[in-house]
Amino acid sequence: MRTTEYLAEIIKELERSAGQMSDAQAEQLADAIVRANKIFVAGAGRSGLMIRAFAMRLMHMGYATYVVGETVTPGLTQDDLLIIGSGSGETKSLASMAAKAKGIGAAVAAVTIFPESTIGGTADVVVRLPGAPKDKSDGAFGTIQPMGSLFEQTLLLFFDAVILRLMASQKIGSEAMFGQHANLE
Ligand SMILES: O=C([C@H](O)CO)[C@H](O)[C@H](O)COP(=O)(O)O
């Protein structure tokens, strides 16, 4: 296939994925974000890149948002929310982070392919997204893409949809958000 044909196939996969998501689960995540004092996000590898993009938009909206592991990230408290993006739901560092956050009394949200995973089972709010886990992308999960690519793309688009949902409910527009954007870049 040509590159543009692969791209068309990826877009078809994403359209199929969109039809498999739950609005009720998305609402639970949006509610948890609005209720939280501070929001922490965590993810490994490519899933981590996608959740960092989400953190930036939450910051643009005025939410106190931190990426776990950054030098300036403060401590988590019981009034806070930890959002983890993990396709497998089994990434060890994230599973232990979720357990620690629960021990502190914070709310934990997981966005994952597998709600029954270790991280999904620990979380208070679970959003299931379609996709193939990184070690089993053999066609059985309806994707031609390698490893966790479909999940990771879906994660980015899902988070952008959550941002639009929050912008509407909190009545915050793009111009106000741009006012929060980094001016030292
Ligand atoms: O980077 C990744 C890999 O490229 C899969 O496509 C994963 O996102 C990373 O290994 C984290 O895995 P999950 O926690 O299962 O998302």
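The basis for the numbers below is simple: all heavy atoms, side chains too, and nothing from hydrogens, waters or symmetry mates. Ligands are counted one by one from 1 in listed order, and the atoms in each one are counted from 1 as well.
- With hydrogens and angles left out, the side-chain atoms of Thr118 and Glu90 include a donor and acceptor closer than 3.5 Å.
- In Glu70, the CD atom is crowded: over 12 heavy atoms of neighbouring residues, nucleotides or ligands sit closer than 6.0 Å.
- For ligand 1, the protein residues placed under 4.0 Å by at least one non-hydrogen atom are Ala44, Gly45, Arg46, Ser47, Ser86, Gly87, Ser88, Thr91, Lys134, Met147, Gly148, Glu152.
- Under the 4.5 Å side-chain heavy-atom criterion for Ile, Leu, Val, Met, Phe, Trp and Tyr, Ile113 and Leu155 are members of the same hydrophobic cluster.
- When each of Val126, Ile119, Thr91, Leu129 is checked for a side-chain contact (heavy atoms from CB on, under 4.5 Å) with Thr112, only Val126 meets the rule.
- When hydrophobic clusters are built by joining Ile, Leu, Val, Met, Phe, Trp and Tyr residues whose side-chain heavy atoms come closer than 4.5 Å, directly or via intermediates, Met50 is not grouped with Tyr66.
- Through chains of ILVMFWY side-chain contacts below 4.5 Å, Ile11 is grouped with Leu7.
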